[in-house]
Amino acid sequence: MTDDSAEKTAIDGLPPLRAVIEKHGLATKKALGQNFLLDLNLTGRIARAAGDLGACTVIEVGPGPGGLTRALLMHGAKKVIVIERDARCLPALAEIGAYYPGRLDIIEGDALKTDFAALAGGEPVKIVANLPYNVGTQLLVNWLEANPWPPYYQSLTLMFQREVAERIVAAPGDGAYGRLGVLAGWRTVARIQFDVPPQAFWPPPKVTSSVIHIEPRAEPISVDGKRLSLVTQHAFGQRRKMLRQSLKPLGGQALLDAAGIDGARRAETLSIEEFCRLANARPAAG
Ligand code: SAM
């Protein structure tokens, strides 16, 4: 699966991840976005990127065989709650739970259907995950659209494909600027922390990944997130067209007039504040 030198294993008294994967027959499934991180130095680096974990609960989506879970516990997380869809991983996770009594809660389920705020239960929470690529963007959008705001979480420390991470941190004028960048920039401060090469995973994905750390802004511009999402979706859906054209289904020039924005501009030139103005604008009746 990988040569011994690539796997750093001596972070705790639990067996090497490769042995865990073999013992529990965890052949990876592409449909579940399973690329497991075997390098425990790297999982440690992700846990550190999340900051101090001693005073909070960490929610981890998709623990798989538990490499990142172990790093989070090793780095002092008071409690870790994991949500895993693949039942084959549960016995491996139970072994980690037994090694750290009372500190690991294991939930078998679909993260897209999980009520994260209810799981947090009013306690300080950080979300940390090496996300399955097929549901990662949707999960992020759900976290960014959380209500009320500031949200129930203190931070999100997430691994994405590099290309997705670039879209999250993109600013106006960047080629990667779009709906994700507007939503993330509106309510949060997001920074790429470091890249992770394909060889760090089993099986190696085709592309480089990046770890991104996201913290909520205390007082973002007041606007309905769903409306902001809709406006950016239309504006960037036809990103080469002028806004008066791409925003036609939402009122076109009349909407742009109400927001005080030139209809000849293109989506990629608009600041986040201008997108918020558009989302808050209503075309004058008549
Ligand atoms: N955290 C592990 C690591 O870093 O090696 C595994 C990461 S792997 C990229 C993604 C994990 O998410 C897999 O274990 C997969 O089974 C799980 N998963 C996929 N879809 C999921 C969903 N909708 N809800 C919860 N877990 C999911």
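Just so you know, ligand 1 is whichever comes first in the structure, and atom 1 is the first atom listed for that ligand.
- We find the CG-NZ distance between Leu53 and Lys79 to be 15.0 Å, quoted to the nearest 0.5 Å.
- The immediate protein surroundings of ligand 1, defined as residues with any heavy atom under 4.0 Å of it, consist of Leu32, Gly33, Gln34, Asn35, Phe36, Leu37, Glu60, Gly62, Pro63, Gly64, Ile83, Glu84, Arg85, Asp86, Gly109, Asp110, Ala111, Asn130, Leu131, Pro132.
- Applying the ring pair (Phe, Tyr, Trp, His ring centres under 6.0 Å) rule to pairs touching residues 18-68 yields nothing, sequence neighbours excluded.
- Put simply, the side chain of Trp149 never gets that close to the backbone of Pro216: no donor and acceptor are under 3.5 Å apart.
- Put simply, the side chain of Glu84 gets close to the backbone of Gly64: a donor and an acceptor are under 3.5 Å apart.
- Partner of Tyr153 under the side-chain contact (heavy atoms from CB on, under 4.5 Å) criterion, out of Ile127, Ile214, Ile59: Ile127 alone.
- Cation-pi geometry between Arg45 and Phe194 is met: under 6.0 angstrom from the ring centre, within 45 degrees of the axis.
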